[in-house]
Amino acid sequence: MAKRRQRSSSSRRPTAEKRPPKPANVKRPSVKQTQGRLRVAAAGLGLAGTLAALALVLFVWSFFSAPGAGKTQHFEVLPNESSGSLVGRLTQAGLTSSPRLFSAYLHLLNPSLKLLPGRHVVRDDLSARELLRRLARASGRGTAHVIVPEGFNHVQLAERLEQLGVCDAEDFRRAVRDAEHARALGIPADSAEGYLFPATYELLADSTPSAVVSVLVAEAQKHLNQLQSELAQQFATRKTEYGMSQHDVVVLASIIEKEAAKADEKPLIASVFLNRLLDPTFRPLRMLQSDPTAIYGCLVQNPPPPSCSAPLSRPTPAMLRDAANVYNTYRHPGLPPGPISSPGEAAIRAVLAPAQTDYLYFVAQGGGRHRFSRTFSEHRGAIEQSP
């Protein structure tokens, strides 16, 4: 009998894999619960979308100007002032036409912006964005193109800076006369007058006056250092022959800048003043007799001298006779107490390298030019011929 073949192990049917046990008592959300969760999620997305849309509207609105015509004014941020009070006063000042949008813009898009207490220079046509940046003196607040002409004094410059929205005029005048700040900037005087260098500047809007003074003085010091290096011998000559320091050179240059309307006459006018300081024949001895110095004294001396009640466009005989005016070089010999304007480099060079003349007098002859004379009789004849 034939033997049965044994089945190989490979021919056996495989055993079934064990299935994982079903989790016990798992509750699935009901239809109502699912719908509720969807409504909450949709509401959240709706709120986020609404806030995003509002932020976009506020961002676009913030670049539109306020309703004013560009008038410069002052606005003071009070210490610890509430936003409601601030926005109310901004609206009352005509600096925003929509207090609600401005308040929303302040809280939603600028919650960390810190406004600086104190007086600020603003305009009534500024956008909300630029207005806030000015009140915080933050980056992006804009700049002003400022031209400081040769011969400007600090009072004239203060008015220009305020008109351009750089800083308050009164605060700037006070900063120029800050003796401690002037000394800290390396000026050997109690005022920065004469060191507000005439040039073109790009200054931040609503700057602190002391910062503006520092920028202008730094430019003056740069030019003076260059001239000191280039004309060291001429500075030394002014010191030995006239006893003039570098500051004295600036003082005389500031007078020349006010007297000279034409650049080519600056060395000639410089020669007249230097001759008056040394020539023993000139009477009164060492009197510069410059009209602009007396006018400047009326402008800055406090209280003003008695003769300064008249308009300061032209000197009066009473003004030129007034010894109470400490800047009056008709009554006080030598240089005045300090510079009377901002001299440019050409005026400073004129003091260091004047024309070689024996002129002692000059008088205006029209067109910004002068007639120069050696003697008083010549000078009287020139006066009679002047327009």
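All heavy atoms count here, side chains included; hydrogens, waters and symmetry mates do not.
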Would you check if the side chain of [X] reaches a backbone N or O of [Y] as a donor-acceptor pair within less than 3.5 Å?
X      : Y      : value
Glu257 : Gly151 : no
Asp124 : Gly70  : yes
Asp206 : Arg137 : no
Ser85  : Ser82  : no
Asp322 : Ser307 : yes
Glu378 : Arg374 : yes
Asn325 : Ala294 : yes
Thr96  : Thr91  : no
Ser341 : Lys258 : no

Are [X] and [Y] close enough for a salt bridge, meaning some N to O gap below 4.0 Å?
X      : Y      : answer
Arg177 : Glu193 : no
Glu81  : Arg89  : yes
Arg141 : Glu130 : no

Do [X] and [Y] have side chains that approach each other closer than 4.5 Å (heavy atoms only, starting at C-beta)?
X      : Y      : value
Leu203 : Leu161 : yes
Leu86  : Leu115 : yes
Asn153 : Ser342 : no
Leu157 : Leu216 : yes

(message) Parallel, tilted or perpendicular, judged at 30° and 60°: which one describes the rings of His223 and Phe197?
(response)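 Parallel.
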(request) On the 0 to 90° scale, with breaks at 30° and 60°, tag the Phe362-His370 ring pair as parallel, tilted or perpendicular. (result) perpendicular
For the atom pair [atom1] ([X]) and [atom2] ([Y]), what is the distance rounded to the nearest 0.5 Å?
X      : Y      : atom1 : atom2 : value
Ser210 : Glu180 : OG    : CD    : 11.5 Å
Asp178 : Arg173 : CG    : CZ    : 15.0 Å
Ser97  : Leu90  : OG    : CG    : 12.0 Å
Asp171 : Thr208 : CG    : OG1   : 10.0 Å
Leu360 : Phe376 : CG    : CZ    : 12.0 Å

(request) Determine, step by step, whether Arg276 and Arg286 satisfy the side-chain contact (heavy atoms from CB on, under 4.5 Å) criterion, reporting the C-alpha distance in whole Å, the side-chain angles of both residues, the deciding distance to 0.1 Å, and the verdict. (result) CA-CA 6 Å; Arg276 287 179 179 180; Arg286 288 179 53 80; over 6 Å; no
(message) Set out, in order, the CA-CA distance, both residues' side-chain angles and the distance that settles side-chain contact (heavy atoms from CB on, under 4.5 Å) for Leu196 and Phe152, then state yes or no.
(response) CA-CA 9 Å; Leu196 309 172; Phe152 249 37; over 6 Å; no
(request) Give a yes-or-no answer on whether the side chains of Thr72 and Gln163 include a donor-acceptor pair shorter than 3.5 Å. (result)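 No donor-acceptor contact under 3.5 Å links the two side chains.
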With a cut-off of 3.5 Å and sequence neighbours excluded, list every side-chain donor-acceptor pair involving residues 242-250.
residue	atom	partner	partner atom	Å
Ser245	OG	His247	N	3.4
Ser245	OG	Asp248	N	3.2
Ser245	OG	Asp248	OD2	3.2
Gln246	NE2	Gln228	OE1	3.1
His247	ND1	Tyr195	OH	2.7
Asp248	OD2	Ser245	N	3.0

(request) Examine Phe273 together with Tyr359 and report whether their ring centres are nearer than 6.0 Å. (result) no
(request) Give a yes or no on whether the ring-centroid distance for His154 and Phe172 is below 6.0 angstrom. (result)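 No, the ring centres sit 6.0 Å or more apart.
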(request) Search all heavy atoms of Tyr327 against all heavy atoms of Gln301 and return the closest pair with its distance. (result)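 In terms of heavy atoms, the two residues are closest at N-OE1, 4.5 Å.
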